[in-house]
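Read through the structure below, which is laid out as structure tokens, and then see the notes.
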There are 2 protein chains.
Amino acid sequence: MSQTLSRALKILRFVASEPRRIGEIATFLGVHHSTALRLLHTLRDQGFVFELPDHRYRIGATVIRVGFQALEAIDLRSVARPFMVTLNEATQETIHLGTLEGDEVTYIDKVEAKHGVRMYSRIGAVAPLHSSGIAKSILAFLPGDERSRLLDGRDLTARTRHSITSIDALEEELAVARERGYAVDAEENEPGIHCIGAPIFNGTGHVEGSVSISAPMSRIKRDLLIGFAPALLDATTAVSKQLGWEP
Amino acid sequence: MSQTLSRALKILRFVASEPRRIGEIATFLGVHHSTALRLLHTLRDQGFVFELPDHRYRIGATVIRVGFQALEAIDLRSVARPFMVTLNEATQETIHLGTLEGDEVTYIDKVEAKHGVRMYSRIGAVAPLHSSGIAKSILAFLPGDERSRLLDGRDLTARTRHSITSIDALEEELAVARERGYAVDAEENEPGIHCIGAPIFNGTGHVEGSVSISAPMSRIKRDLLIGFAPALLDATTAVSKQLGWEP
DNA sequence: CATTTGTAGTGCGTAAGATGCACAGTCACG
DNA sequence: CGTGACTGTGCATCTTACGCACTACAAATG
């Protein structure tokens with residue numbers, strides 16, 4: 001492992017949320033300011049950070065570009081996009097696309113609701129495996145051994161008072177999801193927000209990602225949300241077929 | 001400058017376009033494969049690259065997340081401001097920044113001309129969609145369906161005797177603007193005032209806003225105004241790149 | 001099946017490169 | 001003007017990143 005590189009990567013994450021000064025970054029890393037300065041200058045010279053006129057540093061254009069480039073290289077995203085837009089128009093709610101990357105489910109696309117209440121989500125962010133509809137719908141359809149490996153020893157944090165916090169209860173919930181063909185997040189991830197998610201399969205029948213419909217309970221009751229399930233399944237089935245899946 | 005960090009950043013740019021193997025990356029960097037391996041493992045452990053099952057590496061979720069996080073924190077105004085100031089100094093004319101908000105283009109920043117004649121504009125004011133250079137340069141580069149939706153049924157008020165008042169004529173004008181890369185307002189919005197405007201794009205290639213140069217015809221003839229177009233395009237390209245856009 | 005090939009991964013010694021220090025330069029403020 | 005805060009530079013030193021040699025593994029081949 002490279003200590004120098006680790007430090008630089010920590011800088012990138014630190015300046016992502018807001019521009020930072022050299023001294024602040026040096027303190028954050030626990031290094032001398034001249035060390036922080038050299039790392040920042042290297043990052044700046046390759047466009048990974050941008051130095052503002054007041055000597056604060058923010059994320060640079062290269063990170064943004066590299067991130068977009070990588071997103072565009074994800075085939076699932078371009079295949080799913082039109083179906084997500086259709087689903088968004090049919091429901092007027094926020095549609096997410098997620099994919100399993102390593103041990104985490106990551107949001108890789110989103111079509112926003114037409115209404116004012118915004119979902120707490122961000123492209124690139126990790127969706128909690130045990131409490132979000134988008135992640136549960138992937139988890140439910142993974143091969144059993146892979147799912148067990150992911151869940152083994154995992155701490156199921158209670159994100160809300162509705163969250164599932166035991167492996168046994170989660171496995172039961174996932175079995176129900178498999179029967180239904182989609183997973184439900186009943187305020188398990190975020191208070192006042194519920195969600196349904198369904199899996200996308202590829203040509204080998206392996207789960208490749210999932211699409212979800214999220215809505216505030218204040219606007220969409222559970223019955224109405226569940227009423228969107230056929231449309232959701234139509235969309236995910238259509239995407240799956242594009243990926244070579246056969247029912 | 002940090003050589004180790006430089007190498008790692010080059011890796012990120014190299015794997016952005018497509019997943020790569022360790023050997024390929026080592027060759028690209030001109031280092032031993034164990035050096036490339038160590039850098040990749042550090043990048044992987046912080047989520048900056050993701051190792052595929054076949055040992056190829058692609059960009060990881062952390063880059064995407066950091067990029068989007070930063071993009072949300074980036075204020076178009078603050079990114080564009082320095083370039084607008086430069087353009088104002090080069091032209092001595094009024095520079096505007098506009099952005100599409102809902103169905104209207106709004107002025108969100110301005111750098112005033114050095115001369116006495118002031119432009120009729122105010123930050124926060126709506127720029128007429130069909131007659132101002134700043135709005136037309138956004139309209140021209142919107143996706144076709146979005147532009148059609150905006151124009152559908154819209155009453156094209158004649159603000160001056162030069163104003164375009166039919167949808168067909170406007171669509172033709174916008175097609176020309178797309179060919180050129182910038183839009184022209186030839187006294188369509190205000191008598192005696194002309195203007196050129198060019199779009200700003202974000203990392204998805206979507207138009208995010210526009211910058212315009214406005215001047216009184218009494219001071220700047222049309223030829224001279226058009227002569228500023230390369231400088232305008234330089235400015236908008238620079239802003240676009242900051243937002244992750246790639247030509 | 002055994003062998004070969006290609007590649008990822010490991011541990012070591014050492015020298016190259018990263019580090020902190022001391023100082024200089026710049027800017028803003030009283 | 002002096003002072004303090006901060007960015008930036010050059011140097012000696014020491015720590016860490018490097019390439020090497022080897023191992024382990026998977027896939028291809030005969």
Side-chain angles (χ1 to χ4, degrees), chain A residues 1-62 70 101-103 143 145-146 149 203-204 206, chain B residues 1-60 62 70 78 81-82 85-86:
Chain A
M1 297 308 109
S2 162
Q3 181 176 241
T4 298
L5 175 55
S6 276
R7 284 178 173 152
L9 298 179
K10 284 188 172 91
I11 289 175
L12 288 177
R13 288 166 31 224
F14 191 49
V15 306
S17 54
E18 72 174 286
R20 307 281 186 175
R21 312 285 301 263
I22 289 165
E24 200 178 354
I25 291 162
T27 301
F28 172 71
L29 289 182
V31 299
H32 193 263
H33 82 261
S34 63
T35 299
L37 182 76
R38 271 188 297 260
L39 293 177
L40 280 163
H41 282 185
T42 306
L43 288 165
R44 182 198 60 194
D45 291 350
Q46 292 207 33
F48 280 77
V49 293
F50 180 74
E51 185 179 0
L52 298 167
D54 63 358
H55 289 296
R56 287 180 309 142
Y57 291 82
R58 66 161 167 79
I59 288 291
T62 304
E101 178 174 300
D103 290 352
D145 58 334
E146 208 172 328
R149 185 187 58 77
T204 65
H206 206 78
Chain B
M1 297 305 110
S2 164
Q3 180 175 242
T4 299
L5 176 53
S6 276
R7 283 178 174 156
L9 299 179
K10 285 187 171 87
I11 290 175
L12 287 177
R13 285 158 44 216
F14 190 50
V15 305
S17 54
E18 73 175 284
R20 308 280 188 175
R21 314 283 305 262
I22 288 166
E24 200 178 353
I25 291 163
T27 301
F28 172 70
L29 290 183
V31 299
H32 193 262
H33 81 265
S34 62
T35 299
L37 183 76
R38 270 190 298 266
L39 293 175
L40 280 162
H41 282 184
T42 306
L43 288 164
R44 182 197 61 194
D45 291 349
Q46 290 206 34
F48 280 77
V49 295
F50 177 67
E51 185 179 359
L52 297 166
D54 64 358
H55 288 294
R56 287 181 307 142
Y57 291 83
R58 65 162 169 81
I59 290 291
T62 304
S78 57
R81 184 79 191 182
V85 170
T86 301

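Protein chains get the first letters and strands the later ones, always in sequence-line order, with residue 1 at the start of each. Quick caveat, the model's predicted, so the values are computed rather than measured. We use all heavy atoms of the structure for the numbers below, so side chains are in, but hydrogens, waters and symmetry mates are not.
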### Query
In whole angstroms, how far is the C1' atom of D:dA17 from the CG atom of B:L5?
13 Å
### Task
Taking all non-hydrogen atoms of both residues into account, name the closest pair between A:A16 and A:I59 and its distance.
CA-CG1, 3.6 Å
### Query
Does the side chain of A:L29 reach to within under 4.5 Å of the side chain of A:K10, using non-hydrogen atoms?
yes
### Task
Sorted by first residue and then second, give each ring pair (Phe, Tyr, Trp, His ring centres under 6.0 Å) pair with at least one member in residues 24-59 of chain B; sequence neighbours left out.
B:F14-B:F28
### Message
With the threshold set at under 4.0 Å for non-hydrogen atoms, list the residues of residues 6-17 of chain A touching DNA chain C in residue-number order.
### Response
A:R7
### Query
What's the CG-P distance between A:L43 and C:dA18, to the nearest Å?
13 Å
#### Entry: Separation of D:dA17 C1' from B:L40 CG (nearest whole Å)
15 Å
### Summary
Here the distance between atom C1' of D:dT16 and atom CD of B:Q3, to the nearest Å, is 13 Å
### Message
Whether the side chain of A:T62 engages the backbone of A:Q46 through a donor-acceptor N/O pair (distance < 3.5 Å, no angle test) should be reported.
### Response
yes
### Message
Looking at every heavy atom in both A:A36 and A:V31, which two are closest together, and how far apart are they?
### Response
N-CG2, 4.0 Å
### Message
Looking at B:R21, is its backbone amide N or carbonyl O close enough to the side chain of B:E24 to form a donor-acceptor pair, meaning the two atoms are under 3.5 Å apart?
### Response
yes
### Query
Between A:L39 and A:A8, which heavy-atom pair has the shortest distance, and what is it?
CD1-N, 4.4 Å
### Message
Tell me the bend of the helix from C:dC1-D:dG30 to C:dG30-D:dC1 as the angle between end helix axes, each from five pairs, rounded to the nearest 10 degrees.
### Response
40°
### Task
Determine, for A:D103 against A:R149, whether the closest basic-nitrogen to carboxylate-oxygen distance falls under 4.0 angstrom.
yes
#### Entry: Side-chain heavy-atom pair B:L40, B:R44 within 4.5 angstrom cut-off
no
### Task
Write down the distance between CG (B:L39) and P (D:dA17), rounded to a whole number of angstrom.
9 Å
### Task
Kindly write out the residues that satisfy salt bridge (Lys or Arg N to Asp or Glu O under 4.0 Å) with A:D145, not counting sequence neighbours, or none if the list is empty.
none
### Query
When you check the phosphate oxygens OP1 and OP2 of D:dC18, does a side-chain N or O of B:T4 lie under 4.0 Å from one of them?
yes
### Message
Using a 4.0 Å heavy-atom cut-off to protein, can you give one letter per nucleotide of nucleotides 7-14 of chain C, 5' to 3': B if the base is in contact, S if only the sugar-phosphate is, - if neither?
### Response
SBBB----
### Task
Can you sort out the partners of A:R58 under side chain to side chain donor-acceptor pair (under 3.5 Å), two or more places apart, ordered by chain and number?
B:Q242
